[in-house]
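Counting starts at 1 for both ligands and their atoms, in listed order.
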Amino acid sequence: MRKPLVAGNWKMNGTRAGVGELLDGIKAGMGAVPNAEVAVCPPFVLIPEAAARLAGTAVAWGGQNLSTHASGAYTGEIAASMLTDYGCKYVIVGHSERRTLYGEDDALVAEKYEVARKAGLVPILCVGETLEERENGTTEVVVARQLDAVLERFGAAALGQGVVAYEPVWAIGTGRTASPQQAQDVHAFIRGRVAARDRAVADALRVLYGGSMKPDNAVELMAQPDIDGGLIGGASLKASDFLAICKAASG
Ligand code: 13P
């Protein structure tokens with residue numbers, strides 16, 4: 001049985017003054033979430049604050065990105081070891097905003113995945129098609145290419161140490177969620193593609209859905225057999241909304 005994971009991606013949001021209230025609110029509700037793992041991924045500068053407030057609780061934390069380099073002259077970058085130094089468990093790699101706004105290609109994302117994994121982090125590999133790609137009927141081609149970048153280079157066992165998040169680009173921050181069936185279809189496709197290489201890894205792999213997941217659509221999405229949690233943007237910034245989604249995942 002796969003234990004669901006709900007991870008909040010705060011993106012470039014949050015302040016030192018506000019982070020305490022949000023995290024205290026999440027912590028206070030964790031008693032109602034016995035069967036799901038919960039994590040938050042704040043901006044880098046808020047990670048120390050999150051670590052201090054979440055240490056010893058059931059809520060894990062992580063980064064939103066990392067460098068492929070270990071250290072050195074890479075102005076503005078953050079190394080995997082800096083994340084683990086602050087107790088991060090997870091790190092998001094290949095978010096569509098990184099891919100489209102910062103030019104991260106499949107090869108770079110795969111490299112980040114591997115650097116994170118080797119550092120002991122659990123990488124959350126984001127995949128997903130644009131609206132144009134969905135309308136062209138190339139959703140599976142795109143998702144397969146993004147997945148294969150890791151699978152072909154590092155193997156199914158490496159993928160098994162991470163988490164995959166299916167985030168259709170057209171659903172991110174738009175209020176337009178994939179229907180439970182649309183999401184399920186792609187999740188099943190992802191699992192099947194991994195299963196073709198290693199069935200045991202595929203069976204154990206958590207595939208999260210992300211893209212306008214809210215309290216009012218979370219139950220139906222989480223009920224799909226291949227949806228094992230969520231990667232939550234906007235709704236992760238409000239403790240009550242985030243907790244409602246966590247509860248939906250916990251079942
Ligand atoms: P929203 O939940 O705001 O649509 O964002 C999803 C996302 O990009 C999470 O990584």
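Shown in contact with His95 at under 4.0 Å from a heavy atom are these atoms of ligand 1, numbered in order with element: 7 (C), 8 (O), 9 (C), 10 (O). Listed by number with element, the atoms of ligand 1 under 4.0 angstrom from any heavy atom of Gly173 are 1 (P), 3 (O), 4 (O). Every atom of ligand 1 is numbered from 1 in the order shown, and the set under 4.0 Å from a heavy atom of Lys11 is 5 (O), 6 (C), 7 (C), 8 (O). Interface of Gly211 with ligand 1, defined as ligand atoms under 4.0 Å from a residue heavy atom, comprises 4 (O), 6 (C). Close approach to Ala171 involves these atoms of ligand 1, each under 4.0 Å from a residue heavy atom: 4 (O). Less than 4.0 angstrom separates some heavy atom of Glu167 from each of these atoms of ligand 1: 6 (C), 7 (C), 8 (O), 9 (C), 10 (O).
Judged by the shortest distance from any of its heavy atoms, Cys126 lies outside the 4.0 Å radius around the atoms of ligand 1. Note on ligand 1: Ser212 sits in its first shell, one or more heavy atoms being nearer than 4.0 Å. A heavy-atom separation below 4.0 Å is not found between Lys214 and ligand 1.
Hydrophobic cluster membership differs between Leu208 and Trp170, with clusters built from Ile, Leu, Val, Met, Phe, Trp and Tyr side chains linked at under 4.5 angstrom. No chain of hydrophobic side-chain contacts below 4.5 Å, direct or via other Ile, Leu, Val, Met, Phe, Trp or Tyr residues, connects Ile124 to Trp61.
Note: Tyr74 and His69 have parallel aromatic rings, judged against thresholds of 30 and 60 degrees for the angle between ring planes.
The shortest N/O to N/O separation between Gly234 and ligand 1 falls below 3.5 Å.
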